[in-house]
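For reference, the structure discussed in these notes is given below.
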Amino acid sequence: VQLQASGGGSVQPRGTLRLSCAASGFALDYYDVGWFRQAPGKEREGVSCVSGRDGRTFYADSVKDRATIYRDNSRNTVYLQMNSLKPEDTAVYYCAPGCQVVVVSGRNYFRTTFNSWGQGTEVTVSS
């Protein structure tokens, strides 16, 4: 199982990026896929998840209304479109096959048992 995250870069606040998560060696079609990020000095946190069963999407409050997760099964890839980027979005972004959504007090939190994170893709939002 190998996933490659790409598409990061340096952008100004209010900019946009589309992150890609490409799978090799297996088909992502029926997997839940999650995006996670780790900012400098902070723990990794879940950003978004898309269900492999019914396509439902889930977002952390921090990116809700600014992010869209979607999959292109023909390309075996899951994307995370990020709009209106903020400096606090600066982090290394990772994707994982398998994510669980835990709702606490109306807020979405994400977990995964995946642990082969790879290098991720770095997003820097700065003016």
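This one's a predicted model, so the numbers in the text were calculated from it and none came from an experiment.
- Within 6.0 Å of CD in Gln4 there are 12 or fewer heavy atoms belonging to other residues, nucleotides or ligands.
- In this structure the side chain of Gln81 reaches within 4.5 angstrom of the side chain of Thr16, judged on heavy atoms.
- Among pairs with a residue in residues 72-84, those fulfilling salt bridge (charged side-chain N to carboxylate O under 4.0 Å, His left out) read Asp72-Arg75, at least two apart in sequence or across chains.
- For Val50 against Cys99, the heavy-atom pair with the smallest separation is N-SG, 4.5 Å.
- Rounding to the nearest 0.5 Å places OH of Tyr93 at 4.0 Å from CE of Met82.
- In this structure, Gln119 places its CD atom where only 12 or fewer heavy-atom neighbours from other residues, nucleotides or ligands lie under 6.0 Å away.
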Candidate pair Val11 and Thr124, rule side chain to side chain contact (heavy atoms under 4.5 Å, CB included), full reasoning: CA-CA 6 Å; Val11 298; Thr124 302; over 6 Å; no

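- Counting heavy-atom neighbours within 6.0 Å of Arg44 CZ, excluding the residue itself, gives a total above 12.
- A donor-acceptor distance shorter than 3.5 angstrom exists from the side chain of Arg66 to the backbone of Ser62, with no hydrogens or angles considered.
- Using a 4.5 Å heavy-atom cutoff, the side chains of Leu17 and Val123 are in contact.
- A salt bridge links Arg37 with Asp89: the closest approach of a Lys/Arg side-chain nitrogen to an acidic carboxylate oxygen falls below 4.0 angstrom.
- Side-chain contact between Trp35 and Tyr94: absent, with no pair of heavy atoms (C-beta onward) separated by less than 4.5 Å.
- Using a 4.5 Å cut-off on side-chain heavy atoms (C-beta onward), Leu80 and Arg18 make no contact.
- In terms of the ring pair (Phe, Tyr, Trp, His ring centres under 6.0 Å) criterion, residue partners of Tyr70 (sequence neighbours excluded) are, by chain and number, Tyr79.
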